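Beneath this line is the structure, given in structure tokens, with notes to follow.
Positions are given from 1, in the same order as the sequence printed here. If you're wondering where the values come from, they're calculated on a predicted model, not measured in any experiment.
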Amino acid sequence: MKFAVIVFPGSNCDVDLYGAVHSVFGCEADYVDYRATDLNGYDAILIPGGFSYGDYLRSGAIARFAPVMQAVVAKAEEGVPVFGTCNGFQILTEAGLLPGALQHNEQLHFICQPQALVVENADTCFTNQYEAGEEIILPIAHAEGNYYCSDDVLAELEANNQIVFRYKSGQNPNGSKADIAGIVNEAGNVLGMMPHPERAVEEVLGFTDGLKVFQSLIESLEDRE
């Protein structure tokens, strides 16, 4: 299997994502430039965190128009798994691949800390190695991680079991609606989340609870083959 790690001007977590799938799990992976227009041959697409285009206008707003995003959208519509973390989540909402938007944190300052989460949906290609209700710790590092959507959209997310991760009750760090930390699209092949599982895949990093995100995706892709 082969992973594409999309790189925008200002991406700074691309190496972390590459390391998670290539160095930790031994999968083939390529860095793919934002100017690329062809993603054929890739089994999954990873969109990293960072500050694409310096977060001008708002986070992800310019990256959404990068040439590569047309190919990302096309592949997502074909059912190819697409994963976005932090700025990647912001880009996916800007591109319309996920509903809602990410706003400034409620406290209006950057947050960088370990964060307690609850796995709400363990039946996706990104989470099938977790247990529903499992509590995990992943790092967060963002200034615009406050997830917002209308009440109607929230009702749809709840009804379709699209909320994959929530911040542990009483520990919402940024004001996200309904404690939402990560969601999937209705088809289940696009995941966006603010926490960084790629920074939690080795003991030396201090956390290993992110391993199962990549284990889940890899096993799901192997099952497809």
The side chain to side chain donor-acceptor pair (under 3.5 Å) partners of R224 (sequence neighbours excluded) come to none
Check: Can K177 and N146 be counted as having a side-chain donor-acceptor contact under 3.5 angstrom?
Finding: no
Interatomic distance, CG@L98 vs CD@Q90, rounded to 0.5 Å, equals 12.0 Å
The reported gap from CG in N161 to CD in E186 (rounded to nearest 0.5 angstrom) is 11.5 Å
For atom CD of Q70, decide whether the heavy atoms of other residues, nucleotides or ligands shown that lie under 6.0 angstrom number more than 12.
no
**Q.** G175 backbone acceptor or donor facing N172 side chain under 3.5 Å
**A.** yes
Between the CG atom in D16 and the OG atom in S11, the distance rounded to the nearest 0.5 Å is 11.0 Å
To the nearest 0.5 Å, atom CG of L117 lies from atom CG of L138 at 5.0 Å
What class does the angle between the rings of F126 and F83 fall in, given that below 30° is parallel, 30 to 60° is tilted and above 60° is perpendicular?
tilted
Cluster link I163 to I140, ILVMFWY, side chain under 4.5 Å:
no
- prompt: Is any side-chain N of the basic residue among E144 and R58 closer than 4.0 Å to the acidic one's carboxylate O?
  reply: no
Closest non-hydrogen contact found for L157 with P99 is CD2-CG, 3.9 Å
Side chain to side chain donor-acceptor pair (under 3.5 Å) with N160: of Q162, E156, E158, only one passes, and it is Q162
Under the side-chain contact (heavy atoms from CB on, under 4.5 Å) criterion, do V164 and T124 qualify, and how do the steps go?
CA-CA 8 Å; V164 177; T124 77; 4.3 Å; yes
**Asked** Do the side chains of Y34 and I45 join up, straight or via other hydrophobic residues, at under 4.5 Å, putting them in one cluster?
**Response** yes
Looking only at heavy atoms, the pair that brings N189 and A76 closest together is ND2-O, 2.9 Å
* Asked: Are N174 and Y167 close enough that a side-chain donor and a side-chain acceptor fall under 3.5 Å?
  -> yes
Anything under 3.5 Å between a donor and an acceptor, one on a side chain of residues 191-210, the other on a protein residue two or more places apart or in another chain? List them.
residue : atom : partner : partner atom : Å
H196    : ND1  : E198    : OE2          : 2.6
D209    : OD2  : I137    : N            : 2.8

Rounded to the nearest 0.5 angstrom, the CD-CD1 distance for E94 and I62 is 10.0 Å
Between the CD atom in Q115 and the CD1 atom in I136, the distance rounded to the nearest 0.5 Å is 10.5 Å
Next item on the list: Check whether V72 and Y31 end up in the same hydrophobic cluster, where Ile, Leu, Val, Met, Phe, Trp and Tyr are linked by side-chain heavy atoms less than 4.5 Å apart.
Entry: yes
(message) Tell me whether L57 shares a hydrophobic cluster with F89, the cluster being built from Ile, Leu, Val, Met, Phe, Trp, Tyr side chains joined at under 4.5 Å.
(response) yes
Residues R35 and P67: closest non-hydrogen pair is O-CB, 3.8 Å
*asked:* Looking at Q107, I want to see if its CD is surrounded by more than 12 non-hydrogen atoms of other residues, nucleotides or ligands under 6.0 Å.
replied: yes
Nearest heavy-atom contact between H109 and N105 is O-ND2, 3.0 Å
Practice item. Taking D43 for its side chain and K2 for its backbone only, find out whether a donor-acceptor pair lies under 3.5 Å. Key: yes
> Between L92 and F51, is there a shared hydrophobic cluster once you connect ILVMFWY residues whose side-chain heavy atoms come closer than 4.5 Å?
Replying inline: no
Under a 3.5 Å threshold, yes or no: a donor from one side chain and an acceptor from the other, between S52 and N87? yes
Show the atom names and distances, to 0.1 Å, of all donor-acceptor pairs under 3.5 Å that link a side chain in residues 211-221 to residues at least two apart or in another chain.
residue : atom : partner : partner atom : Å
K212    : NZ   : E134    : OE2          : 3.2
S216    : OG   : N128    : N            : 3.1
S216    : OG   : Q129    : N            : 2.9
S216    : OG   : K212    : O            : 2.6
E219    : OE1  : Q129    : NE2          : 3.4
S220    : OG   : C125    : O            : 3.3
S220    : OG   : N128    : ND2          : 2.9
S220    : OG   : S216    : O            : 2.9

More than 12 heavy atoms of other groups within 6.0 Å of D123 CG | no
More than 12 heavy atoms of other groups within 6.0 Å of E131 CD
no
Mark yes when over 12 heavy atoms from residues, nucleotides or ligands other than F110 sit less than 6.0 Å from its CZ; otherwise mark no. yes
* Verify whether the ring centers belonging to F3 and Y42 lie closer than 6.0 Å. => no
Do the side chain of H22 and the main chain of A29 share a donor and acceptor less than 3.5 angstrom apart? no
- Item | Side-chain (S176) to main-chain (Y147) donor-acceptor, under 3.5 angstrom | yes
